[in-house]
Number of protein chains: 2
Amino acid sequence: MTQKSSPTIDDVARLAAVSTATVSRCLNAPQKVSQKTLERVMGAVRDLGYTPNFAARAMAANRTRTIGAVIPTMENAIFARGLQAFQEALHLRGYTLLVASSAYDPTREAEQIRTLVGRGADGLLLIGHDRPDATYAYLSDRDVPALVSWAYDADGALSSVGFDNRAAMRGLANHMLELGHRRIAVISGHIAGNDRAAERVGGIRDAMMACGLDAGGLPVEECDYDIDAGAAACGRLLDCDPPPTLLMCGNDVLAVGALREAGRRGLRVPDDLSITGFDDIELARIVVPPLTTVHVPHRQMGGLAAETLIGMIETGTRPDPVKLDSSLRLRGSVRAVRP
Amino acid sequence: MTQKSSPTIDDVARLAAVSTATVSRCLNAPQKVSQKTLERVMGAVRDLGYTPNFAARAMAANRTRTIGAVIPTMENAIFARGLQAFQEALHLRGYTLLVASSAYDPTREAEQIRTLVGRGADGLLLIGHDRPDATYAYLSDRDVPALVSWAYDADGALSSVGFDNRAAMRGLANHMLELGHRRIAVISGHIAGNDRAAERVGGIRDAMMACGLDAGGLPVEECDYDIDAGAAACGRLLDCDPPPTLLMCGNDVLAVGALREAGRRGLRVPDDLSITGFDDIELARIVVPPLTTVHVPHRQMGGLAAETLIGMIETGTRPDPVKLDSSLRLRGSVRAVRP
DNA sequence: GCAGACAATGTAAGCGCTTGCATAAAGAGT
DNA sequence: ACTCTTTATGCAAGCGCTTACATTGTCTGC
């Protein structure tokens with residue numbers, strides 16, 4: 001049914017009156033071929049509308065110039081944006097991106113990794129460090145270069161190009177403590193299997209402890225990373241007595257949910273309740289009031305991750321981990337506590 | 001460097017003491033193999049951690065159970081959502097999705113189509129009908145099943161599973177005319193090469209003409225599909241004298257941009273200016289005021305497109321086009337004109 | 001004019017899988 | 001007991017490309 005009549009390299013070779021080897025060289029290493037032959041062959045390629053068969057190429061060359069990425073979800077714009085930058089950088093170097101998502105499930109992640117490797121990915125980009133040993137064993141068995149992003153851990157099984165989630169959230173929490181907030185509650189994504197979520201909550205605790213506060217009593221609601229779940233979690237936290245003056249959320253999506261729930265209850269943000277996010281997606285600037293959040297350097301991270309991973313693939317070396325800087329974005333969703 | 005030691009079908013065959021043909025059958029047609037052999041082979045597969053090599057498989061079988069989709073952009077959540085549904089439906093049938101984006105550029109779209117076909121896509125999903133004849137010629141040359149979504153045209157070169165953009169926007173425009181709006185302006189995405197954009201503007205003109213209004217004088221600003229461009233276009237239209245009482249936008253993203261610009265200028269929406277969108281993405285319900293818009297049945301469309309395309313691939317028939325219904329979502333961003 | 005070096009091209013062996021066909025084994029029917 | 005099915009398995013030919021190696025042609029420099 002499919003590709004009834006796609007021209008093959010043999011057709012091109014015949015039409016240009018050369019061997020298939022020469023056609024292959026014209027496509028992959030033109031400098032090895034005489035000008036005259038090159039033109040003739042490229043003419044034949046054009047006339048036939050020839051496109052090399054990817055599978056055959058992958059099989060013969062044992063590389064695909066394809067890189068796989070397994071991200072937790074496409075739903076959150078922050079990953080979409082980061083991948084966009086990653087993809088653009090790959091494209092400049094002649095690589096193609098294959099994306100799969102794991103829905104924050106380690107089992108699915110392992111499956112997706114296998115699929116991508118089976119599809120011939122020359123290297124992999126993964127998010128965060130927290131995954132089963134078996135997955136790491138698989139990667140090292142197969143000798144597949146892999147890089148972690150979105151997190152930074154100098155001692156991880158894989159090298160990383162990311163930022164320090166803990167320090168970033170600590171910075172934000174410090175700022176909030178300076179504004180006088182003491183009744184703090186947290187809405188976090190599920191922490192199991194998600195080091196970014198764990199580190200962010202950890203950063204808040206760090207800041208509280210440095211202030212001499214009891215971080216053990218910090219109310220933390222874990223939920224899925226979507227607006228409705230964020231709203232529900234916000235509701236549960238607001239029902240506490242006394243209610244918090246500040247809600248720190250694991251990402252902007254949860255914060256938007258919290259904002260909505262606060263509005264539904266007639267609370268004014270930031271006068272009655274301050275809310276913070278994390279990621280700095282476009283949404284953070286569009287909601288009313290705009291969200292105070294942590295800006296994640298997604299473009300820089302994507303670009304650098306691409307360069308680094310390509311380096312690993314082409315030179316076979318393990319790179320030094322890179323820690324990028326995040327920064328605070330102070331906007332209207334927070335204010336100081338009334339004295 | 002890559003896949004130093006991935007086990008092959010030969011390794012499995014040796015370990016299970018059968019031929020490679022039997023291993024292949026265990027994986028692809030288990031009912032053709034005796035229970036005993038099946039178990040032995042599957043055990044070997046598990047022990048070795050064997051994953052079939054995709055490229056080899058594609059080459060030998062000349063099909064990949066992969067479907068390609070070329071969408072205008074990943075940035076707009078409406079495509080992301082629609083693809084999500086498409087992908088889920090494909091997955092149920094054992095197919096995998098490969099996505100590429102064209103940035104609304106017909107040349108890039110043609111490239112991406114070639115790439116996907118070169119990668120062995122068994123079929124393609126494309127958005128809209130407006131593309132060069134050469135692209136259609138390529139597809140029919142190669143006998144690649146392809147389906148159009150997001151638009152409906154009974155006479156298109158390809159069959160479609162979509163909705164009537166013109167009728168949908170006409171419905172919204174009718175409603176706005178009933179509310180008394182007469183000074184209407186439009187913010188549209190670029191119309192060249194984009195039948196959806198063209199049809200939506202056409203739908204507004206239809207409604208106006210049916211009301212006896214001069215559709216020729218309708219101010220239309222074309223711009224890129226992003227928030228900033230929408231805001232800028234909104235600014236240009238508001239500078240007209242007299243300014244419009246209603247801004248109809250080609251999609252929700254543009255409408256959010258318009259909303260922002262109106263706010264920046266101190267105009268109250270909907271009291272001073274009504275604004276409408278199109279698509280009904282999540283954002284439409286989150287902005288203040290929430291957007292009146294047209295709900296696109298993206299989930300239904302994605303699911304049905306998947307079924308239809310798989311049908312085309314597996315039976316080789318050309319299906320009847322399907323027209324789905326869109327519906328209005330009336331929210332706070334519009335109000336009747338003061339008498 | 002000729003050895004030596006280099007550039008351009010061809011030859012052919014796979015890469016890891018699927019599948020048509022041949023073969024072998026096991027029942028079924030008479 | 002013997003043939004005829006039916007079922008399970010093996011054999012081996014590709015699928016369309018890349019690339020190591022062999023071959024041929026073209027200059028250099030002496």
Side-chain angles (χ1 to χ4, degrees), chain A residues 1-42 44-45 48-66 114 117-120 122 142, chain B residues 1-42 44-45 48-66 114 117-120 122 142:
Chain A
M1 202 80 311
T2 309
Q3 286 161 251
K4 179 180 54 182
S5 57
S6 277
T8 72
I9 199 171
D10 287 292
D11 298 325
V12 177
R14 206 168 310 120
L15 182 57
V18 294
S19 72
T20 62
T22 298
V23 176
S24 176
R25 279 187 285 256
C26 287
L27 266 32
N28 301 304
Q31 75 286 356
K32 288 187 180 172
V33 158
S34 75
Q35 189 59 31
K36 219 181 67 196
T37 314
L38 183 61
E39 279 164 18
R40 194 148 37 88
V41 169
M42 288 318 219
V45 166
L48 292 170
Y50 169 73
T51 318
N53 178 306
F54 177 79
R57 198 174 222 185
M59 207 162 145
N62 195 33
R63 70 188 164 57
T64 56
R65 292 188 80 82
T66 292
R114 278 169 175 275
V117 171
R119 282 197 169 237
D122 293 339
R142 302 291 152 107
Chain B
M1 201 81 310
T2 310
Q3 284 160 253
K4 178 177 56 182
S5 56
S6 276
T8 71
I9 199 172
D10 288 291
D11 298 325
V12 177
R14 205 169 309 122
L15 182 58
V18 295
S19 71
T20 61
T22 299
V23 176
S24 176
R25 280 187 283 257
C26 288
L27 267 30
N28 300 305
Q31 77 285 357
K32 289 189 178 170
V33 158
S34 75
Q35 189 59 33
K36 220 182 66 196
T37 315
L38 184 62
E39 279 163 19
R40 196 149 33 89
V41 169
M42 287 320 218
V45 166
L48 292 170
Y50 169 72
T51 317
N53 178 306
F54 177 79
R57 200 173 221 186
M59 204 160 148
N62 195 32
R63 78 190 155 53
T64 56
R65 293 187 81 81
T66 292
R114 279 170 173 273
V117 171
R119 283 197 168 235
D122 293 340
R142 303 291 153 104

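Order of the sequence lines fixes the chain letters, A, B, ..., with proteins taken first and strands second; residue numbering starts at 1 for each chain.
OP1 or OP2 of C/dT9 lies within a sub-4.0 Å distance of a side-chain N or O belonging to A/Ser34. Residue B/Thr22 places at least one side-chain N or O under 4.0 Å from the OP1 or OP2 atom of D/dG10. Between A/Thr8 and D/dG16, a side-chain N or O to OP1/OP2 separation shorter than 4.0 Å is absent. In this model, the phosphate group of C/dA8 is not approached by any side-chain N or O of A/Thr37 to a distance below 4.0 Å at OP1 or OP2.
Between A/Lys32 atom NZ and D/dT18 atom P the separation is 12 Å, expressed in whole Å. For the pair B/Asp11 CG and C/dG16 P, the interatomic distance rounds to 9 Å; values are reported in whole Å. Rounded to an integer number of Å, the gap from B/Asn62 CG to C/dT19 P is 10 Å. When the C1' atom of C/dT18 is taken as reference, atom CG of B/Asn28 falls 8 Å away, rounded to whole Å. Rounded to a whole Å, the CE atom of B/Met59 is 16 Å from the P atom of D/dA13. The CD1 atom of A/Ile9 sits 14 Å away from the P atom of D/dC15 (whole-angstrom rounding). Rounded to an integer number of Å, the gap from CG of B/Asp10 to P of D/dC11 is 12 Å. Atoms CZ (B/Arg14) and C1' (D/dG10) sit 16 Å apart, rounded to a whole Å.
For the pair A/Tyr50/A/Leu27, a side-chain contact is recorded, criterion being any heavy-atom separation below 4.5 Å from C-beta on. A/Thr8 has its side chain out of reach of A/Asn53: every pair of non-hydrogen atoms, C-beta onward, lies at least 4.5 Å apart. In this structure, the side chains of A/Thr66 and B/Arg119 come closer than 4.5 Å at one or more pairs of heavy atoms.
In terms of position along DNA chain D, the nucleotide closest to B/Thr20 lies nearer the 5' end than the nucleotide closest to the other residue of the pair A/Leu27 and B/Thr20. Position along DNA chain C of the nearest nucleotide to A/Ala56 versus A/Val18 favours A/Val18 as the more 5'-ward residue. Mapping A/Ser24 and B/Gln31 onto DNA chain D by nearest heavy atom places B/Gln31 at the nucleotide closer to the 5' end.
Taking the side chain of A/Pro52 as heavy atoms from C-beta on, and the options C/dC17, D/dT19, D/dC17, the nearest nucleotide is D/dC17. For B/Arg25, counting side-chain heavy atoms from C-beta on, the closest listed nucleotide (C/dT19, D/dC17, C/dC17) is C/dT19.
Among the atoms of the strands shown, none is found under 4.0 Å from any heavy atom of B/Phe54. At a threshold of 4.0 angstrom between heavy atoms, the contacts of A/Ala21 include nucleobase atoms, whether or not backbone atoms are also involved. Counting any heavy atom pair closer than 4.0 Å across all strands shown, B/Val33 reaches sugar-phosphate atoms only and no base atom.
Interatomic distance, B/Ser24 OG to B/Lys32 NZ, rounded to the nearest 0.5 Å: 9.5 Å.
Partner of A/Val12 under the side chain to side chain contact (heavy atoms under 4.5 Å, CB included) criterion, out of A/Thr20, A/Val23, A/Thr22, A/Val18: A/Val23 alone.
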